[in-house]
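See below for the structure under consideration.
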Amino acid sequence: MSLDHSPTGSLVVYGDDIEEAMSPNRSVAAVAVKDGDASVYKIIHGFLKQKNNSIINVAASVARKAASNKLSRKTSDVFDTLIQQQQSRLGNKTGPLLSGISYCIASCSMILLNKVVLSSYNFNAGISLMLYQNLISVVILVALEFFSVISTEELTWKLIKVWIPVNLIFVGMLVTGMYSLKYINVAMVTILKNMTNILTAIGEIYVFRKCQNKQVWAALCMMIISAVSGGMTDLSFHLVGYTWQILNCFLTAAYSLTLRRLMDTAKQSTKSGSLNEVSMVLLNNALSIPFAVILIIVFNEWEYVYQTEVIREPMFWFFATASGLLGLAISFSSVWFLQETGPTTYSLVGSLNKIPISVAGVLLFNVPVSVENLFSIVFGLFAGIFFAKAKMSKS
């Protein structure tokens, strides 16, 4: 028996095949099972038991039942589609929100925890702390790759040679950032970091021949005013800390420019011809380990770490480990946030993120602030937001 569906949804039974279906050589059960409908089998089985209905009535019952099943299937399909659409809408709404919150929490917590380790525990070994944090990142990334959670590019010697200049700047950026955070309060660090935008904008002119619009330059001027006035009114001003932070701004700008310039060369040095964010994180952290060890030996930092009493405190290791985990969390959450939104939103949220960091830094560490210094901090935060919006309007 041949069963087919017409465009209107009704079941068509071809009469030429009824005799074949009812013949002794073909069981009714086989026909029903072949068509994949147990309900049809029950109807025909009832006919054979009672033998009081005509074949036409049986065919009509089969048609009605199959049509009903088809309608149920259609209804189920529509319902499943509606559920999927609703889940998709919910995901579209919650994705950017969750990724943005994750990025902000990781970024704020990382800075604050580093401040706790370096200042509250008076730990004078920023290179060793960087080494420990990078070791944590490498171990976790290797473990995730081992269990096929992530995939990274193979670290070939060809790729390493291309990446060494980037990594040297990366190490310098981390080390200077550590030492500046030890001497300067969190709020002023976030404001002085705006100087990186100025240096990067100037570097883009000479390296990439990229001009900025008037709004961007206006925002950069506001950042300069904020940084200078903030330093002049900083009640906890520390010359060594400001020196480290200025070096950090130069190295951060150099890292951004060098990374952009060598990115294509680095991709050509891989087997797949691409280099994802996870691979770059692993590459930076893995290559920084030998450089960090050399610096620790040169500056005799290992002897200080061995003798200091603070490394025997469990809470110190808790905060140091947490900061290392958050460093990796920033890498993943920033990639997630970029995928859910875009570079413009990412830049704006990064600027807005400085506000809770500055407030938390002042409150948690009892930083003495004057009205003038507070005004400089607020002005610098506003300049950062204005800069992000100016870059967005340009793009």
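Everything numeric here is computed off the predicted structure, so don't read it as measured data. What's counted below: heavy atoms across the whole structure, side chains too, no hydrogens, waters or symmetry copies.
- The CD1 atom of Ile191 sits 4.5 Å away from atom OG of Ser226, with the distance rounded to the nearest 0.5 Å.
- Between Phe319 and Tyr121, the ring planes lie tilted relative to each other; the angle falls in the 30° to 60° range.
- In the displayed structure, Tyr304 atom OH is contacted under 6.0 Å by more than 12 heavy atoms of other residues, nucleotides or ligands.
- Taking every heavy atom of both residues into account, Thr233 and Ser370 meet most closely at O-OG, 3.6 Å.
- Hydrophobic clustering (side-chain heavy atoms under 4.5 Å, transitive across Ile, Leu, Val, Met, Phe, Trp, Tyr) keeps Leu247 apart from Phe250.
- Looking only at atom types and distance, the side chain of Asn185 has no donor-acceptor partner in the side chain of Lys115 under 3.5 Å away.
- For the pair Val171/Asn167, a side-chain contact is recorded, criterion being any heavy-atom separation below 4.5 Å from C-beta on.
- With a 4.5 Å cut-off on side-chain heavy atoms, Tyr306 and Ile311 do not count as touching.
- A continuous path of Ile, Leu, Val, Met, Phe, Trp and Tyr side chains, each step under 4.5 Å between heavy atoms, connects Tyr132 with Ile296, placing both in one hydrophobic cluster.
- Between Glu145 and Val278 there is no side-chain heavy-atom pair separated by less than 4.5 Å.
- Sorted by first then second residue, the side-chain hydrogen bond (donor to acceptor under 3.5 Å, both in side chains) pairs that include residues 261-271, not counting sequence neighbours, are Glu154-Lys271.
- Looking only at distances, no side-chain donor or acceptor of Asn197 sits under 3.5 Å from a matching main-chain atom of Phe387.
- Using a distance-only test at 3.5 Å, with no hydrogens or angles considered, a donor-acceptor pair links the side chain of Ser229 to the main chain of Ile225.
- The heavy-atom pair separating Asn114 from Ser323 by the smallest distance is OD1-CB, 3.6 Å.
- For the pair Gly361 and Val186, the tightest heavy-atom approach, listed with the atom from each and the gap, is CA-CB, 3.8 Å.
- Atom CE of residue Met195 and atom OG1 of residue Thr200 lie 11.0 Å apart, to the nearest 0.5 angstrom.
- Using modelled atom types, one side-chain atom of Glu301 and one backbone atom of Ser128 make a donor-acceptor pair closer than 3.5 Å.
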Does the pair Asn248 and Met173 meet the rule for a side-chain contact (heavy atoms from CB on, under 4.5 Å), with working shown?
CA-CA 5 Å; Asn248 178 259; Met173 180 182 69; 3.9 Å; yes

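- There is no path of hydrophobic side-chain contacts, each under 4.5 Å, that joins Val371 to Val369.
- Under a hydrophobic-cluster definition in which Ile, Leu, Val, Met, Phe, Trp and Tyr are linked whenever side-chain heavy atoms come within less than 4.5 Å, directly or via other members, Leu199 and Phe386 are assigned to different clusters.
- Taken to the nearest 0.5 Å, the CG atom of Leu287 stands 8.5 Å off from the CG atom of Leu282.
- Between Phe237 and Tyr242, the ring-plane angle classifies as tilted under the 30° and 60° cut-offs.
- Contact between Val305 and Ala125 at its shortest, heavy atoms only, is CG2-CB, 3.7 Å.
- Residues in residues 262-303 take part in no ring-ring contact (aromatic ring centres under 6.0 Å, His included) pair, two or more places apart or across chains.
- Between the side chain of Thr196 and the backbone N or O of Thr252, no donor-acceptor pair lies under 3.5 Å.
- Closest non-hydrogen pair, Leu112 versus Phe365, comes out as O-CZ, 3.8 Å.
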Checking side chain to side chain donor-acceptor pair (under 3.5 Å) for the pair Asn134/Ser288: CA distance, chi angles, key distance, verdict?
CA-CA 8 Å; Asn134 291 354; Ser288 68; 2.7 Å; yes

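- Contact of the Ser376 side chain with the Met188 side chain is not registered, since no non-hydrogen atoms from C-beta on lie closer than 4.5 Å.
- Connection of Leu364 to Ile377 is established within a shared hydrophobic cluster, with ILVMFWY side chains joined at heavy-atom distances below 4.5 Å, either directly or through further cluster members.
- By the 4.5 Å heavy-atom criterion applied to side chains, Arg260 and Glu204 are counted as neighbours.
- Using a distance-only test at 3.5 Å, with no hydrogens or angles considered, a donor-acceptor pair links the side chain of Thr190 to the main chain of Ala187.
- Across Leu141, Asn285, Val139, a single residue satisfies side-chain contact (heavy atoms from CB on, under 4.5 Å) together with Leu328, and that is Leu141.
- Closest non-hydrogen pair, Ala201 versus Leu220, comes out as CB-CD1, 3.7 Å.
- Here the straight-line distance linking atom CG of Asn194 with atom CD1 of Ile224 works out to 10.5 Å at 0.5 Å rounding.
- Partners of Ser102 under the side-chain contact (heavy atoms from CB on, under 4.5 Å) rule, at least two apart in sequence or in another chain, are Ser333, Trp336.
- When each of Leu326, Leu181, Val116 is tested with Ile111 by the rule side-chain contact (heavy atoms from CB on, under 4.5 Å), just one qualifies, namely Leu181.
- Leu325 has its side chain within reach of Ile136: a pair of non-hydrogen atoms, C-beta onward, lies under 4.5 Å apart.
- A donor-acceptor contact shorter than 3.5 Å links the side chain of Ser358 to the backbone of Lys354.
- In this structure, CD1 on Ile357 lies 9.5 Å from NZ on Lys193, to the nearest 0.5 angstrom.
- Between atom OG1 of residue Thr321 and atom CZ of residue Phe316 there is a gap of 9.0 Å, rounded to the nearest 0.5 Å.
- Proximity of Met263 to Met280: side-chain heavy atoms (C-beta onward) are separated by under 4.5 Å at one or more points.
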In sequence, state the C-alpha distance, the side-chain angles, and the governing distance for Phe170 and Trp163, and then conclude on ring-ring contact (aromatic ring centres under 6.0 Å, His included).
CA-CA 10 Å; Phe170 174 75; Trp163 202 262; 9.2 Å; no

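- Taking the six-membered ring where the residue is Trp, Phe379 and Phe382 present tilted rings, their angle falling between 30° and 60°.
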Check against side-chain contact (heavy atoms from CB on, under 4.5 Å), Ser279 and Asn276
CA-CA 5 Å; Ser279 298; Asn276 58 30; 2.6 Å; yes

